[in-house]
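First up is the structure itself, then whatever we jot down about it.
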Amino acid sequence: MPMMSFKSDGIRVEETVRVKICELRNLPARSSGSPKSRSAYCALNLDQEQIYTTAVVKNNLNPYFGAETQFEVPRQFRFLNVYVYDKNDPAPNGTVNGALGKVAIAKKDLQKFGGKDQWFPIIPIDADSEVKGKIHLEVAWTNKSLTVRIKKCDGLTLVNRNCDSFAQVTVENPGSSTSSSRLGATKSFKTKTWRKTVNPEFNETFHFDDEQVDYSTAEIKVSVWHESSGGLWGNVFLGEIRIPVQTLDGSRKNDLWYFLNPRDSLREKFSDQGSIRLNIRYNAESIISPRYYEPLRKLILSLPDDDSLVTASAAFILGEICEDKMEVAKPIVRIFLKYGQLLPLIRALGHLEMNTITDVSTLFRGNTLLSKCVDETMRLGGKFYLESFMKDHIDRIFLEQKYCEIDPVRLADGGDLNLNMLNLVSYIEPILTSITSSALSCPSLMSEILSELKQSAKSKYPERREIHYSVVAGFILLRFVAPAILNPELFDLRKEGGRTETVTRTLTLVSKAVQSVGNCLSNESNKVRLLIISICLVRESIAKL
């Protein structure tokens, strides 16, 4: 049964997709030209709309990308497609960056993966398998007659920057054992050709009334073509649909939109094109009218006058009973923020943690509702603040691709440890300077929350200045800046792609340096000298913080 497009009434669906393109394995070598290996990259598409590309990994049949992106779904779609390209291999039509193959995942299957790594075979593609657009039909039938009205199409594929389309409708008998009876059991009709448009309005009606055919068991096939000057054999396939008549209501006219599909014979075509490892997480939330949430809103927003009784609040109880506290923190922060009660909630949760902590070194470091609420608040309100002092540094790391490995065990043969340390210092020092100089740009909401938590620490430990510092540094450095350096794509600090193994390792080392500042620890291990570097660099930075 083809997938029908529809629009829900009264319910808004918010969808987000997070995709990590990890690596490719066993790409086929080039059959001609030099080099034989591939310079591969991947593109992420919603149907045919490209939304993200990775960097190019040169001369490698097993390239590693480690590229990650997250986005809100802007429209309805059928397939999440990951295309694999070779930058050096021309496409059949002579353009550069020909596609080696793709992975196509139906929207309905996305929720099955749940953020776990999985290998997918790379499927070869051709013009017949690359289909987009939809068709609007009106169908009425009885056992002895069938009427099909082809109204229009929307969003058809361009062929050489043009689209001269026509539709062809045939009624077939899928139960027949011979191909001739399947293809020639009834007449076939063709619309007029609409030129220079991807949204043709055919509005033509066709009648089938063969008394020898039981239309209740038949199947309607409608195919759409681009008319080529080469005649019938030169026409280009744009998509098709197959509709079992018995799935339609025989008592009325069926007026429906259908997505166009590839040809049946091509849907399961496999070949030895290698495989790709992906990590996919899809989330869809249905939002109904606010009035239906009013009783729940009042319950969640109700906080006791005594902060020590916050454990009896609905917000706290939700955080206790749900395993993933971040999934609770996201809506809690939005609700309390909208109604101006986020600061009282943070204050109450902060007092609770301050009074129940047994190891002061873990203060505000655990997987608690408080820490997750502050994380979400910084993510929501600190996006432009983070971008203001961090994006240029991230772009520089991606652009320069300097080797910064300082672990002797991981150092490549012929690598210069001293040079790598200097490269790493050249990234860490300006980043720490930017962080310590950004205080005046910090959003007021973040400043108020961190000030509230700092005051709680002062009240509990008035003589422990390092604790006062760690409260602020723990959130800003450990839970905000360091994760953003490690995964800049998730914080909108990098949208252009370009991640390589070298960049990934450098981001990891710089992130660790920032973490070491937040932890105020020193580690003189010969194996990981990063902490020595960071401590030498940031004594003055710590004082500024």
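Between Arg242 and Glu172 there is a salt bridge, since at least one side-chain N of the basic residue sits less than 4.0 Å from a carboxylate O of the acidic one. Classification of Arg479 and Asp375 as a salt-bridged pair holds, one side-chain N sitting under 4.0 Å from a carboxylate O.
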Could you pull out all donor-acceptor pairs under 3.5 Å where a side-chain atom in residues 19-26 meets a protein atom, sequence neighbours excluded?
unit_1, atom_1, unit_2, atom_2, d
Glu23, OE1, Arg25, NE, 3.3
Glu23, OE1, Arg25, NH2, 3.4
Glu23, OE2, Arg277, NE, 2.8
Glu23, OE2, Arg277, NH2, 2.8

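Between the side chain of Asp324 and the main chain of Met326, a donor-acceptor pair closer than 3.5 Å is present.
With sequence neighbours excluded, the residues satisfying ring pair (Phe, Tyr, Trp, His ring centres under 6.0 Å) with His136 are Trp257. By the side chain to side chain contact (heavy atoms under 4.5 Å, CB included) test, Asn487 pairs with Glu68, Leu490, Arg499, sequence neighbours left out. Listed by chain and residue number, nothing satisfies the side chain to side chain contact (heavy atoms under 4.5 Å, CB included) test with Leu422 (two or more places apart in sequence, or in another chain). When the salt bridge (Lys or Arg N to Asp or Glu O under 4.0 Å) test is applied to Lys112, the partners found at least two apart in sequence or on another chain are Asp109. With sequence neighbours left out, the side chain to side chain contact (heavy atoms under 4.5 Å, CB included) criterion links Val57 to Asn60, Pro63, Phe65.
Remark: aromatic rings of Phe79 and Phe259 are distant, center separation not under 6.0 Å.
Other residues, nucleotides and ligands place more than 12 heavy atoms under 6.0 Å from the CZ atom of Arg505.
Using modelled atom types and a 3.5 Å distance limit, the side chains of Tyr385 and Ser438 yield a donor-acceptor pair. When only modelled atom types and interatomic distance are considered, Ser371 and Thr368 share a side-chain donor-acceptor pair under 3.5 Å. A side-chain N or O of Arg78 and one of Asn261 form a donor-acceptor pair less than 3.5 Å apart.
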